Amino acid sequence: MSVDDAELLKQIGRGDPAASRELLQRHGAYLYGVAHALVGNAADAEDLVQETLVGALGGTFRGESSLRTWLVRILTNQAGMLRRRPHRRAGHVGLDDETPSPTGPATPGSGVEAKLDLNTMLAALSLDHRQVLVLRELEGLSYEEIAKALHIPRGTVESRLHRARDELRKKFKGYL
Amino acid sequence: MSCDRFAQVHAYHDDALAPSDRVAIENHLEECADCRALLSDLCGLSNLFAVAPLAVLSPAAMARLSRNIRAARDQGILRITSWLTAAAAAVLIGALLLWPDRAGNGGGTTIATATNGPAPALEMVAVMPPESEEAVPEVVTLAQWMANDLSYSAGMGNVGGDRQ
């Protein structure tokens, strides 16, 4: 019988290695997908997921959101810290990088049937803009929650969100 | 194409407006084509995000992550153990140095109490070097043993270096 996320965390807190593996199985793939869109390469994305999950194992989940949303919040913060590291592998693509390509041609007028992958959508944006978009569009966090997660004022959240969306509107006009 | 109420349209789309402001912007939307176009685009963007495929985590990367997370966790436990050992060593060495009756000839601690006046006004505690040299090698040996143990612990594990 599978346990819920809260129980899983309790088991991890008690030092159960099987529970840590289960956490990775449940959320690792999604976190990796989001991480890849945030940092733009497989190696950094993998590091980011590792740091997020290791951080989560020592953190306190208060149950104010779903576990996945809590993990994504940690991940977006870690992405900000990763940016400040000197050794960052900008633009590097790992050997087992399996970024999906758009499932349809990137031409105007295709509509939403031609799906854009998340990497393509976020590629042209700065990390600041990617962070707010991920937390708002993927996790549905409110402006206040995003401000708290990223340690920035609510007004900054709004302005980043507006600018990021303005860029996407121009870039992907044909998909809207 | 611009309207000074674009920010409110974003907030309306994100369900971040107070009820009274919602009514106001809904009325505005009926008469402002630019804001209607913006709202339509924002909905379109949200739909794109909702169906956008994510990069796929390969089985090899999943196995690497599992291994590295386990190693990082073990390293954390090891570090805590090292700290506890170091703390225990410090307490033990301190206790040996301050033990009053060590080697049967009084310890390295002298307590002098100034009793000028009706009540003790001041207590002075002075730590003196041990008079007996016999116990010093024991302390050095113990410290050496602790240091060796810590060096051995610190050399174990290699988190994050396992990317083949």
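These figures come from a predicted structure and were not determined experimentally. Just so we're on the same page: letters track the sequence lines, and every chain starts at 1.
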Q. Should A:Lys173 and B:Asp41 count as an ion pair when the cut-off is N to O under 4.0 Å?
A. yes
Q | Region of B:Ala7 that comes under 4.5 Å of a non-hydrogen atom in chain A | A | both
**Q.** Nearest-0.5 Å distance that lies between atom CG in B:Leu65 and atom OH in A:Tyr32
**A.** 9.0 Å
Q. Roughly how far, to the nearest 0.5 Å, is the CD1 atom of B:Ile69 from the CG atom of A:Leu23?
A. 7.5 Å
Where is the tightest heavy-atom contact between [X] and [Y], given as atom of each residue plus distance?
X        : Y        : value
A:Arg165 : B:Leu45  : O-CD1, 3.8 Å
B:Ala52  : A:Leu118 : CB-N, 3.7 Å
A:Glu46  : B:Ala61  : OE1-CB, 3.7 Å

At a heavy-atom separation under 4.5 Å, does [X] approach chain B through its side chain, its backbone, both, or neither?
X        : answer
A:Arg21  : side chain
A:Leu122 : side chain
A:Glu51  : neither
A:Leu138 : side chain

Q: Apply side chain to side chain contact (heavy atoms under 4.5 Å, CB included) to A:His36 and B:Val56, showing your working.
A: CA-CA 9 Å; A:His36 202 301; B:Val56 178; over 6 Å; no
Q.
Could you tell me if the side chain of A:Asp166 sits less than 4.5 Å from the side chain of B:Phe6, heavy atoms only?
A. no
Q. So do the side chains of B:Arg70 and A:Ser20 get within less than 4.5 Å of each other, counting heavy atoms only?
A. no
Q: Heavy-atom pairs under 4.5 Å with chain B are the metric here; pick the option from A:Met121, A:Gln25, A:Glu158 that has the most.
A: A:Met121
**Q.** Choice from A:Tyr143, A:Phe172, A:Tyr30 maximising heavy atom contacts with chain B below 4.5 Å
**A.** A:Tyr143
Q. Is it the case that more than 12 heavy atoms not belonging to A:Arg163 sit under 6.0 Å from its CZ atom?
A. no
(Q) Exactly one of A:Val134, A:Leu168, A:Leu116 should register a side-chain contact (heavy atoms from CB on, under 4.5 Å) with B:Phe49. Which one does? (A) A:Leu168
Q: Check the pair A:Arg136, B:Asp14 against side chain to side chain contact (heavy atoms under 4.5 Å, CB included), reporting the backbone distance first and the verdict last.
A: CA-CA 8 Å; A:Arg136 175 63 215 151; B:Asp14 292 325; 2.9 Å; yes
(Q) Apply side chain to side chain contact (heavy atoms under 4.5 Å, CB included) to residues A:Leu24 and B:Met62 and explain how you reach the verdict. (A) CA-CA 8 Å; A:Leu24 178 62; B:Met62 177 68 100; 3.6 Å; yes
